[in-house]
Amino acid sequence: MKVRRVTLIEPKAPGYHVYVRTPIPRLGLPIMGAILKKRGIDVTVFHQEAGPIDYDVVRSSDLVGISTTTSTAPEAYRIAGKARSFGVPVVMGGSHVSFMADEALEYADYCVRGEGEDTLVELIEALEYGSEPAGVDGISYRRGDEKIHNQSRTYIENLDSLPFPDLSLIQGYKSDGIIPIATSRGCPFDCSFCSVTKMFGRKYRTRSIENVIEELRDKKPNKVFFCDDNFAANPERTKCLLSAMLSANLAPPWTAQVRCDVTRDRELIKLMKQSNCYYVYIGFESVNQTALDEFNKRQSVEEIVESIRILHEHGIMIHGMFII
């Protein structure tokens with residue numbers, strides 16, 4: 001088969017959540033869309049929070065890719081069933097199906113486990129050669145009644161090698177002035193409940209500061225959401241990035257996900273405020289020390305209280321996140 005047209009879909013979560021007021025797409029599909037576009041493939045991205053899926057476009061596609069979290073998995077499986085009813089092959093990826101590949105293969109033809117940029121390209125090449133993806137790392141698929149799980153793919157070491165996410169591919173998407181930018185992958189911590197290290201590893205991989213500044217210059221955002229899982233995991237690197245943003249006059253109001261230990265570094269907190277940080281998302285998880293210890297969170301209730309005090313002292317608002 002010749003893959004000339006690919007539709008990528010981010011399903012909608014079933015209920016109210018923190019991103020409903022300002023739909024912020026996850027960046028996996030816009031990055032993969034940019035990669036496929038460079039290869040001459042006609043790419044359309046639907047993000048259900050931004051607008052409905054045009055199933056005429058789905059029907060006319062050579063391949064449909066669907067990205068899922070656990071909350072969006074039921075909707076993703078429904079969309080996959082509809083696409084397959086048109087005779088269009090479906091590949092699914094994202095955190096949920098990376099851990100639940102056997103389940104996903106009940107609804108999809110292929111499953112991408114882990115980081116999908118290189119895997120999707122190699123899968124398309126295999127399909128175009130008319131062969132099963134036996135040699136494609138990170139792919140799960142069916143061979144008759146048997147479910148095949150190829151070996152896992154190694155993580156992308158050079159994040160600068162990836163194109164900037166092409167948000168213009170998302171149908172109906174309006175940024176509302178807030179642009180998501182990811183500057184890293186992975187997290188050096190290993191909290192027991194978290195999927196990040198299992199999905200992206202404990203090695204903290206970062207884009208170069210020059211590459212991030214280039215994207216800021218390219219996107220010209222009114223506001224930025226740095227959607228790293230832990231924006232300040234390397235405080236010295238974060239300080240260098242914020243200083244570079246100020247020097248380049250590219251420091252719009254921004255928000256990010258951090259740990260409460262960010263307040264240990266007063267120089268960093270000052271730079272955050274100077275560079276227009278106005279809001280942070282922090283995984284406090286619990287105010288019970290026994291629970292924090294069981295979570296392997298490596299923080300104390302006293303540190304949580306102190307971090308709130310310091311951030312408020314600097315005029316930075318906090319969105320607290322908890323494990324129930």
Side-chain angles (χ1 to χ4, degrees), residues 13-22 24 26 69-71 95-96 98-99 178 180-206 223-243 253-324:
Y16 189 85
H17 58 91
V18 68
Y19 298 123
V20 166
R21 285 179 58 192
T22 304
I24 300 177
R26 293 189 298 137
T69 62
T70 296
S71 67
S95 55
H96 184 79
S98 290
F99 307 127
I178 301 177
I181 293 178
T183 79
S184 68
R185 289 183 181 178
C187 179
F189 295 90
D190 194 20
C191 303
S192 62
F193 56 83
C194 188
S195 66
V196 169
T197 52
K198 294 174 181 64
M199 186 77 179
F200 296 110
R202 286 192 66 184
K203 182 179 179 182
Y204 188 59
R205 293 166 289 141
T206 60
K223 292 182 180 178
V224 172
F225 171 45
F226 288 116
C227 50
D228 306 42
D229 292 296
N230 188 347
F231 180 63
N234 181 336
E236 292 305 315
R237 182 256 182 185
T238 306
K239 286 189 282 190
C240 288
L241 173 58
L242 298 180
S243 296
W254 63 270
T255 178
Q257 300 179 120
V258 298
R259 285 172 55 96
C260 68
D261 60 9
V262 73
T263 56
R264 293 176 187 172
D265 190 325
R266 297 306 174 91
E267 183 187 2
L268 174 56
I269 289 293
K270 280 185 178 178
L271 268 173
M272 288 170 62
K273 184 61 179 176
Q274 287 170 9
S275 61
N276 295 317
C277 175
Y278 67 98
Y279 206 100
V280 289
Y281 298 83
I282 302 182
F284 293 127
E285 322 310 354
S286 176
V287 290
N288 179 291
Q289 191 61 53
T290 302
L292 290 172
D293 294 342
E294 288 176 353
F295 292 158
N296 194 32
K297 186 64 185 176
R298 300 192 213 171
Q299 71 186 22
S300 67
V301 174
E302 291 75 21
E303 188 171 20
I304 290 173
V305 173
E306 180 68 357
S307 69
I308 294 170
R309 185 189 68 77
I310 293 170
L311 286 163
H312 282 172
E313 194 176 80
H314 285 79
I316 297 173
M317 295 186 292
I318 305 162
H319 177 101
M321 298 180 286
F322 297 85
I323 295 293
I324 304 289

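Counting from 1, the numbers follow the sequence of the chain as shown.
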Euclidean distance, Phe193 CZ relative to Glu294 CD, rounded to 0.5 Å
12.5 Å
Atom pair SG (Cys227) and CD1 (Ile178), whose distance is rounded to the nearest 0.5 Å
12.0 Å
Quick one, Arg237 with Thr183, criterion side-chain hydrogen bond (donor to acceptor under 3.5 Å, both in side chains). Give me CA distance, side-chain angles, the key distance, then yes/no.
CA-CA 11 Å; Arg237 182 256 182 185; Thr183 79; 2.9 Å; yes
List the atom of Phe284, the atom of Cys260, and the distance in Å for their closest heavy-atom pair.
CE2-CB, 4.1 Å
What closest approach, in Å, do Ser192 and Asn296 show between heavy atoms, and which atom pair accounts for it?
N-CB, 4.3 Å
Atom pair CZ (Phe295) and CG (Asp190), whose distance is rounded to the nearest 0.5 Å
14.0 Å
Flag side-chain contact, heavy atom, 4.5 Å: Arg298 against Asp261
no
If you compare all heavy atoms of Asp229 against all heavy atoms of Gln257, which two are closest, and at what distance to 0.1 Å?
CA-NE2, 3.7 Å
Should Ile282 and Val258 count as side-chain neighbours, where that means a heavy-atom distance under 4.5 Å?
yes
Taking atom CG of Leu242 and atom CG of Leu271, what is their separation to the nearest 0.5 Å?
6.0 Å
Atom of Ala182, atom of Asp228 and distance for their closest heavy-atom approach
CA-OD1, 3.6 Å
Taking all heavy atoms of Ile24 and all of Pro180, pick out the closest pair and write down the distance.
CG2-CB, 3.7 Å
Evaluate the salt bridge (Lys or Arg N to Asp or Glu O under 4.0 Å) criterion for residues Glu236 and Lys239: first the C-alpha distance (whole Å), next the side-chain angles of each, then the deciding distance (0.1 Å), finally the verdict.
CA-CA 5 Å; Glu236 292 305 315; Lys239 286 189 282 190; 3.0 Å; yes
Is there a donor-acceptor contact under 3.5 Å from the side chain of Gln289 to the main chain of Gln299?
yes
Backbone of Cys187 reached by a side-chain donor or acceptor of Arg202 within 3.5 Å:
no
Which residue, Trp254, Tyr279, Tyr281, forms the ring-ring contact (aromatic ring centres under 6.0 Å, His included) with Phe226?
Trp254
Expected output: side-chain Lys198 to main-chain Ser98 donor-acceptor under 3.5 Å
no
Side-chain heavy-atom pair Val262, Thr238 within 4.5 angstrom cut-off
no
So OG of Ser286 and CG of Asp293: to nearest 0.5 Å the spacing works out to 10.0 Å
Tyr204 versus Ala232, closest heavy-atom pair with distance
OH-N, 4.5 Å
Residues which pass ring-ring contact (aromatic ring centres under 6.0 Å, His included) with Phe99, listed by chain and number, not counting sequence neighbours
none
Could you tell me if Arg259 sits above the aromatic ring of Phe189, with its cationic atom closer than 6.0 Å to the ring centre and no more than 45 degrees from the axis?
yes
Report the distance from atom CZ of Phe231 to atom CD1 of Ile181, rounding to the nearest 0.5 Å.
9.5 Å
